[in-house]
Amino acid sequence: MDFNIYEIGEESVGMLKEIAIRTFDETFASTNSRENMEDYNARCFNETVLRKELKDPESWWYFIEKDGKLAGYLKVIVGNAQTELQEVDGFEVERIYVLKEFYGTGGGKALMEHAIKL
């Protein structure tokens, strides 16, 4: 596979915002109103929120590239950042998204394998 997976730093917040909105829209726009999508994107994917999440030591973010092109991202959370069981040693994949143009390339699988290794 020709994937490159690397941790996202705060300097990449603009790229993260762009791909987060795009992948969320590609995934959910067909089953939601435009108003709901815009509201969610404005609340959850604005740079202030993303910067705060990127700085959280219990929140780990990764980009995936294929052939040098940004293809998706992964967010995993631990400790108190978890939204589910809150196990002390727990680990949650909170977001895993690949752009539609990369569906079928194995990018999602590569991100999940990366999460498992973590």
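Values below: all heavy atoms of this structure, side chains included; hydrogens, waters and symmetry mates excluded.
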Asker: Salt-bridge test for Lys66 and Glu101: reply yes if a basic N is under 4.0 Å from a carboxylate O, no otherwise.
Answerer: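 Not counted as a salt bridge, because no side-chain N and carboxylate O are separated by less than 4.0 Å.
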Asker: What are the two closest heavy atoms between Ser33 and Asn36, and how far apart are they?
Answerer: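 It is OG-N, 3.0 Å.
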Asker: Where the side chain of Asp39 meets the backbone of Glu35, is there a donor-acceptor pair that is under 3.5 Å apart?
Answerer: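 No.
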Asker: Quick one, Asp56 and Lys52 - any side-chain contact, counting heavy atoms below 4.5 Å?
Answerer: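 They are not in side-chain contact.
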Asker: Rounded to the nearest 0.5 Å, how far does CD of Glu53 lie from OG1 of Thr48?
Answerer: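 One finds 11.5 Å between OG1 of Thr48 and CD of Glu53.
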Asker: Does the side chain of Trp60 reach to within under 4.5 Å of the side chain of Ile8, using non-hydrogen atoms?
Answerer: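 No, every pair of side-chain atoms sits at 4.5 Å or beyond.
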Asker: Crowded around Glu58 CD? As in, over 12 foreign heavy atoms under 6.0 Å?
Answerer: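 Above 12, so yes.
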Asker: Are Arg22 and Glu18 side-chain neighbours, meaning at least one heavy-atom pair lies under 4.5 Å?
Answerer: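 In short, these two side chains do not touch, never coming nearer than 4.5 Å.
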Asker: Assess whether salt bridge (charged side-chain N to carboxylate O under 4.0 Å, His left out) is satisfied between Arg51 and Glu11, documenting all intermediate values.
Answerer: CA-CA 9 Å; Arg51 277 186 205 285; Glu11 71 283 353; over 6 Å; no
Asker: Please tell me if the side chains of Asp25 and Asn41 come closer than 4.5 Å, counting only heavy atoms from C-beta onward.
Answerer: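 They are in contact (side-chain heavy atoms under 4.5 Å apart), so the answer is yes.
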Asker: List in chain and number order the residues that pass side-chain contact (heavy atoms from CB on, under 4.5 Å) with Lys100, two or more places apart in sequence or in another chain; answer none if no residue qualifies.
Answerer: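 By the side-chain contact (heavy atoms from CB on, under 4.5 Å) rule, Lys100 matches Glu26, Tyr103.
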Asker: Taking C-beta and beyond as the side chain, do Leu54 and Leu16 meet within less than 4.5 Å on heavy atoms?
Answerer: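 A side-chain contact exists here, since the closest heavy-atom pair is under 4.5 Å.
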Asker: Rounded to the nearest 0.5 Å, what's the gap from CH2 on Trp61 to OH on Tyr73? Could you check?
Answerer: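 Separation between the atoms: 5.5 Å.
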Asker: Going from CD1 on Ile21 to CD on Glu38, what distance comes out if it is rounded to the nearest 0.5 angstrom?
Answerer: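 Rounded to the nearest 0.5 Å, the CD1-CD separation comes out at 10.0 Å.
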Asker: With heavy-atom distances below 4.5 Å as the criterion, would you say the side chains of Arg95 and Leu74 are in contact?
Answerer: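 No. Closest side-chain heavy atoms not under 4.5 Å.
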Asker: Report the distance from atom CD1 of Ile77 to atom CD of Glu92, rounding to the nearest 0.5 Å.
Answerer: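 Between atom CD1 of Ile77 and atom CD of Glu92 there are 3.5 Å.
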Asker: Any heavy-atom pair between the side chains of Leu70 and Met15 that's under 4.5 Å?
Answerer: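 Result yes, sub-4.5 Å side-chain heavy-atom pair found.
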Asker: Sequence neighbours excluded, which residues qualify as ring pair (Phe, Tyr, Trp, His ring centres under 6.0 Å) partners of Phe24?
Answerer: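 Here the qualifying residues are Phe28, Tyr40, Phe45.
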Asker: In the structure I gave you, are the side-chain heavy atoms of Ile19 and Leu99 within less than 4.5 Å of one another anywhere?
Answerer: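 Of all side-chain heavy-atom pairs linking Leu99 with Ile19, at least one is under 4.5 Å.
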Asker: So how far is it from Ile5 CD1 to His114 NE2, rounded to the nearest 0.5 Å?
Answerer: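 Here the interatomic distance stands at 5.5 Å.
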Asker: Provide the closest heavy-atom pair for Gly108 versus Ile96 in the form atom of the first, atom of the second, distance.
Answerer: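 Scanning both residues, the minimum pair turns out to be O-CD1, 3.7 Å.
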